[in-house]
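So you know, we letter chains A, B, ... as the sequences are listed, proteins then strands, and number each from 1.
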Amino acid sequence: MTVPFMEENDQTQARREHLEALRTLVGNVYPNKFERSNVTDTPAGEDTITSIVAAFKQYEPKVAEGERPVAEALEFANGELNKIRVRVGGRLAAPPRVMGKAAFVHLSDGVSRLQIYVRRQDVVGLSNDAEGGEVNGWELFGLLDHGDFIGVEGYLFVTKTGELSVHVEKLQFLAKALLPMPDKMHGINDPEIRQRQRYADLIAGSLKLERDENDLTPREVFTLRSNVIREIRRFLDERGYVEVETPMLTPLATGAAARPFKTHHNTLDIDLFARIAPELYLKRLVVGGFEKVYELNRNFRNEGISTKHNPEFTMLEFYMAYADVNQMMDLHEEMMRSVVKVATGSTLVPYDTFDWDSEMQSVRERHQIDFGSPFQRLKMTEAVFNYWDQYWSKRPSELNGELFEVPWLSDPFKVVALQKFVIDIDSSVDQVMRDDQSADPAEVFDSLKDSTWQTALSQTFSTQPTAIASAESLVWLFEHIAEPHLIQPTFIIDFPKPVSPLSKASPSDPSVAERFEYFVGGLESANGFSELNDPEEQYQRFKDQVQQRERGDEEAMVMDEDYIRALSYGMPPAAGIGVGIDRLVMLLANKSSIRDVILFPHMRPERKKEDDETAGH
RNA sequence: GGGCCGAUAGCUCAGUCGGUAGAGCAACUGGCUUUUAACCAGUGGGUCGCAGGUUCGAGUCCUGCUCGGCUCACCA
């Protein structure tokens with residue numbers, strides 16, 4: 001009998017033959033349970049490989065690299081260890097090293113490894129039939145393959161080389177690995193296999209003999225992720241926040257600028273959307289009296305897939321009544337510091353970025369991200385101005401300072417013109433460089449900048465830019481010029497109001513929203529603001545959004561009448577924030593792809609072999 | 001969707017100018033009763049991603065396709 005979808009080769013064939021021989025020997029080859037001993041301190045009272053190693057590793061005699069412990073040290077350790085009997089289950093972490101009438105092999109529980117020693121004359125096999133009984137243990141051992149699960153019972157000892165081991169006296173077969181295990185030195189390198197078959201990735205990571213100290217194993221990445229989420233909940237719970245769950249399937253997709261997934265409810269016969277953000281539901285709860293409320297769960301956006309985007313991603317949103325955007329930034333800063341410290345053990349986190357040099361080779365640059373110092377706070381216009389020189393340093397150039405003075409960035413007309421200028425001169429310089437590769441980019445830039453700027457100004461003048469266009473141009477300039485440089489934790493404040501339809505205006509400047517985005521590692525990682533609670537103004541902002549949508553902006557928001565009704569009952573002043581958890585984990589795990597921190601990232605479905613015959617027609 | 005790169009044994013990878021498909025690990029057989037990436041001797045394993053083309057001859061050259069990676073556009 002064969003399993004569907006499994007490729008057959010000499011290795012699977014051998015494993016299958018071993019399985020049939022085991023069936024003859026022990027009966028049931030997939031027994032229902034294995035009772036473990038309880039000599040170590042574990043939450044569930046069952047010894048694991050990790051708990052045994054943690055409890056008894058200390059008995060290994062300490063010797064210098066490459067040397068063997070002296071006889072007295074071994075004798076002392078074994079005097080203590082031989083009294084301890086354990087019963088523990090695990091996966092064979094390597095092919096057994098058989099030496100005639102005895103063998104060594106390591107067992108793994110996914111985290112740790114523990115060596116077992118099996119001697120022909122000492123080992124008894126256990127039958128898995130209902131009536132139990134004993135079988136030939138050495139024969140049973142001979143039928144095991146790399147990756148099989150077994151249970152062992154025996155006493156602890158240290159070998160001549162000083163390694164903690166179990167001297168096995170009883171051996172029980174627990175489950176078969178029909179597929180061969182990954183290479184013990186290299187693991188799995190193909191990212192496609194690692195992501196599609198995360199189980200294989202996890203196994204390979206736990207069985208790999210050598211590890212790169214700069215690189216977390218998959219198991220460690222996802223444990224880190226779990227720790228981050230636990231600490232966020234603890235941090236908020238401790239401060240009186242209530243965790244809630246609001247609808248994932250909603251009649252309107254709103255609360256953010258994004259395209260939604262659409263589905264259908266049969267009984268109600270209505271279309272529903274997978275939520276793009278829980279924001280408006282959470283603020284309804286603030287109206288209803290939850291002064292501190294949070295939700296930590298998935299959002300869905302029907303957009304492109306990339307190293308920074310997965311169609312479903314995990315977001316934390318929380319709201320605090322009676323607070324404004326500044327208090328929210330303070331709280332977020334405190335939370336980040338706490339989460340980073342708990343998850344990584346330090347407030348200094350190494351993070352690598354990758355850039356391309358002139359020969360198109362990937363160059364790694366290592367940063368130390370400092371969560372301990374106060375986070376930088378920069379106005380959006382300041383950020384554009386600050387990083388303007390670094391943007392153009394890609395092709396080194398003496399910039400004409402007066403052309404790009406910062407006050408221009410608050411002039412809506414010139415902001416639009418500046419965006420045009422950047423786009424045009426980028427492509428003009430590229431054009432010239434393609435035709436004449438020996439040209440000096442800085443000289444090309446200087447020769448073109450005045451005429452390009454004049455063209456941009458006159459074209460902008462003829463199009464009569466709106467407030468929205470100006471706001472979008474500023475954001476564009478910010479994203480292209482400043483964002484990649486925001487490696488250290490930074491709050492960008494003073495967003496243009498037209499791109500912030502749910503946030504309150506600043507009391508000092510009505511064209512500016514009291515909103516921030518939080519950047520770290522060059523990635524946007526959180527977004528918060530003083531929540532707009534005036535129902536009449538919110539109604540007007542929705543109407544502006546609807547107009548934009550009618551002009552073809554698929555990501556503009558829709559009118560949410562019930563939300564206006566909710567605000568009309570009165571919402572206290574409040575600040576809110578959304579935090580991208582996947583990106584936070586990417587940063588702490590030092591991973592440049594979101595797919596490395598999501599267990600099962602979305603990918604195009606695998607095609608079956610037989611379909612290939614029709615491919616290409 | 002555009003551009004660049006990749007796909008060869010179960011895994012990690014070589015494969016020169018177009019001339020019989022290779023290595024290490026893994027597997028199989030035999031030996032070895034405290035090994036450490038165990039060792040020693042031997043054996044088997046391939047639709048070179050898929051389809052077509054050029055050629056006396058294609059893993060290698062050309063075209064199309066599939067899947068993946070990076071990148072640009074869109075976004076968080």
Side-chain angles (χ1 to χ4, degrees), chain A residues 6-15 17-18 66 68 74 78 94-106 113 115-122 138 145-147 157-163 165 167 177-196 200 204 207-210 256-259 276-277 299 301-311 313-315 354-356 360 362 479 483 517-519 523-527 554-555 578-583 592-595 603-617:
Chain A
M6 200 185 99
E7 285 183 30
E8 292 291 334
N9 55 46
D10 61 325
Q11 311 214 26
T12 60
Q13 195 53 45
R15 285 163 183 267
E17 284 165 11
H18 291 162
R68 292 193 166 202
L74 292 176
N78 283 326
R97 289 194 298 275
V98 182
M99 302 166 298
K101 299 182 178 66
F104 286 97
V105 68
H106 283 89
R113 307 151 61 84
Q115 180 166 264
I116 63 169
Y117 175 59
V118 179
R119 196 154 65 164
R120 179 177 179 171
Q121 69 198 48
D122 297 339
W138 188 244
D145 289 302
H146 181 194
F157 75 110
V158 289
T159 62
K160 277 180 184 168
T161 56
E163 181 170 349
S165 308
H167 192 123
L178 287 173
L179 288 168
M181 294 293 112
D183 186 282
K184 65 187 172 187
M185 293 308 290
H186 305 94
I188 299 174
N189 283 359
D190 183 345
E192 182 174 353
I193 299 177
R194 294 185 58 166
Q195 290 158 20
R196 283 193 200 282
L207 302 189
K208 213 169 153 180
L209 288 180
E210 278 183 0
R259 291 183 357 228
I276 56 175
N299 289 343
R301 298 189 186 174
N302 207 341
E303 314 266 3
I305 296 180
S306 78
T307 44
K308 300 176 178 63
H309 302 86
N310 195 57
F313 62 103
T314 301
M315 178 109 131
F354 295 88
D355 216 334
W356 300 93
M360 290 304 282
S362 174
E479 285 173 354
E483 190 174 315
E517 281 185 351
Y518 164 72
F519 290 85
L523 267 182
E524 183 196 338
S525 185
N527 176 15
E554 282 186 67
E555 289 170 357
V579 183
I581 300 301
D582 309 276
R583 289 181 176 183
S592 56
S593 171
I594 201 169
R595 286 185 281 265
M603 298 175 82
R604 195 170 267 112
E606 273 182 284
R607 286 160 53 94
K608 294 209 190 80
K609 274 254 166 72
E610 50 266 34
D611 294 344
D612 287 339
E613 316 221 340
T614 54
H617 295 294

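In this model, the phosphate group of B:rC74 is not approached by any side-chain N or O of A:Ser306 to a distance below 4.0 Å at OP1 or OP2. The phosphate of B:rG68 (OP1 or OP2) has a side-chain N or O of A:Arg196 nearer than 4.0 angstrom. For the OP1/OP2 pair of B:rG69 and a distance below 4.0 Å, the side-chain nitrogens and oxygens of A:Arg595 include at least one atom meeting the criterion. OP1 or OP2 of B:rA38 sits under 4.0 Å from a side-chain N or O of A:Arg97. OP1 and OP2 of B:rU33 both lie 4.0 Å or more from every side-chain N or O belonging to A:Arg119. At the phosphate of B:rA76, neither OP1 nor OP2 sits under 4.0 Å from any side-chain N or O atom of A:Asn299. A close approach under 4.0 Å does not occur between any side-chain nitrogen or oxygen of A:Arg604 and OP1 or OP2 of B:rG69. Proximity of A:His106 to the phosphate of B:rU35: no side-chain N or O atom is located under 4.0 Å from OP1 or OP2.
In plain terms, the two heavy atoms of A:Leu207 and A:Arg113 that are nearest each other are O-NH1, 3.4 Å. A pairwise comparison of heavy atoms in A:Phe313 and A:Asp582 identifies CB-OD2, 3.3 Å as the closest pair. Across every non-hydrogen atom of A:Ser306 and A:Ile594, the tightest pair is O-CG2, 3.8 Å.
Within the nucleic acid shown, A:Gln115 comes within 4.0 Å of at least one base atom, counting heavy atoms only. Using a 4.0 Å heavy-atom distance criterion, A:Glu524 is classed as a sugar-phosphate-only contact. Across all strands, A:Ser525 comes closer than 4.0 Å to no nucleic acid atom at all (heavy-atom distances). As judged by a 4.0 angstrom heavy-atom cut-off over every strand, A:Gly578 is placed among residues making no nucleic acid contact. Residue contacts for A:Asp122: at a heavy-atom cut-off of 4.0 Å it reaches no nucleic acid atom on any strand shown. Contact annotation for A:Arg194: no contact, since no heavy-atom pair falls under 4.0 Å across all strands.
If you take CE of A:Met99 and P of B:rG30, they are 18 Å apart, rounded to a whole angstrom. For A:Asp190 and B:rU12, the CG to C1' distance is 11 Å, given to the nearest whole Å. Atom CD in A:Glu517 sits about 8 Å away from atom P in B:rA76, given to the nearest Å. For the pair A:Arg120 CZ and B:rC32 P, the computed distance is 10 Å after rounding to whole Å. Whole-Å rounding puts the A:Met603 CE to B:rU66 P distance at 16 Å. As rounded to whole Å, 14 Å separates atom C1' of B:rA76 from atom CG of A:Asn302. For A:Ile305 and B:rA73, the CD1 to C1' distance is 16 Å, given to the nearest whole Å. Atom pair A:Arg15:CZ and B:rG10:C1' shows a separation of 9 Å (rounding to whole Å applied).
Contact annotation: side chain of A:Glu192 to base of B:rG68, donor-acceptor pair absent below 3.5 Å. Side-chain to base pairing of A:Glu163 with B:rU34: no donor and acceptor N or O lie closer than 3.5 Å to each other. Between the side chain of A:Gln121 and the base of B:rU33 there is at least one donor-acceptor pair of N/O atoms closer than 3.5 Å.
Listed nucleotides B:rU12, B:rG69, B:rU35 differ in distance to A:Gln195; the shortest reach to its side chain belongs to B:rG69. Closest to the side chain of A:Asp10, from the set B:rU35, B:rA27, B:rG68, is B:rA27. Closest contact between the side chain of A:Arg583 and the listed nucleotides B:rC11, B:rA76, B:rG68 involves B:rA76. The listed nucleotides are B:rA26, B:rU33, B:rG69; the one nearest the side chain of A:Pro191 is B:rG69. In this structure, of B:rG10, B:rU35, B:rA76, it is B:rG10 that holds the atom nearest to the side chain of A:Gln11. Checked against B:rU33, B:rU12, B:rA76, the side chain of A:Ala257 finds its nearest nucleotide in B:rA76. Side-chain proximity of A:Asn9 to B:rG68, B:rG10, B:rU34: nearest is B:rG10.
In terms of position along RNA chain B, the nucleotide closest to A:His18 lies nearer the 5' end than the nucleotide closest to the other residue of the pair A:Arg259 and A:His18. Comparing A:Met181 and A:Pro95 against RNA chain B, the residue whose closest nucleotide sits nearer the 5' end is A:Met181.
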task: Output, in order, the C-alpha distance, side-chain angles, deciding distance and verdict of side chain to side chain donor-acceptor pair (under 3.5 Å) for A:His146 and A:Gln11.
output: CA-CA 11 Å; A:His146 181 194; A:Gln11 311 214 26; over 6 Å; no
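Across every strand in view, B:rC32 sits unpaired, with no contact that passes the Watson-Crick or G-U test at under 3.5 angstrom. Here B:rG6 sits opposite B:rC67 as a Watson-Crick or G-U wobble pair (both hydrogen-bonding atom distances under 3.5 Å). Both distances falling under 3.5 Å, in either a Watson-Crick or a G-U wobble arrangement, occur for no nucleotide opposite B:rA14.
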Filtered N/O pairs between nucleotides 22-25 of chain B and protein, under 3.5 Å:
unit_1: B:rG24; atom_1: N2; unit_2: A:Asp183; atom_2: OD2; d: 3.2

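For the atom pair OG1 (A:Thr307) and CZ (A:Arg595), the distance works out to 6.5 Å, reported to the nearest 0.5 Å. From A:Ile276, atom CD1 reaches atom CD of A:Glu555 across 8.5 Å, with rounding to the nearest 0.5 Å. Within the model, atoms CZ of A:Phe104 and CD of A:Glu163 stand 8.5 Å from one another, a figure rounded to the nearest 0.5 Å. Rounding to the nearest 0.5 Å places OG of A:Ser525 at 8.0 Å from CD1 of A:Ile581. A distance of 13.0 Å separates OH of A:Tyr518 from CZ of A:Arg583, quoted to the nearest 0.5 Å.
Remark: A:His18 engages no residue in a ring pair (Phe, Tyr, Trp, His ring centres under 6.0 Å) (not counting sequence neighbours).
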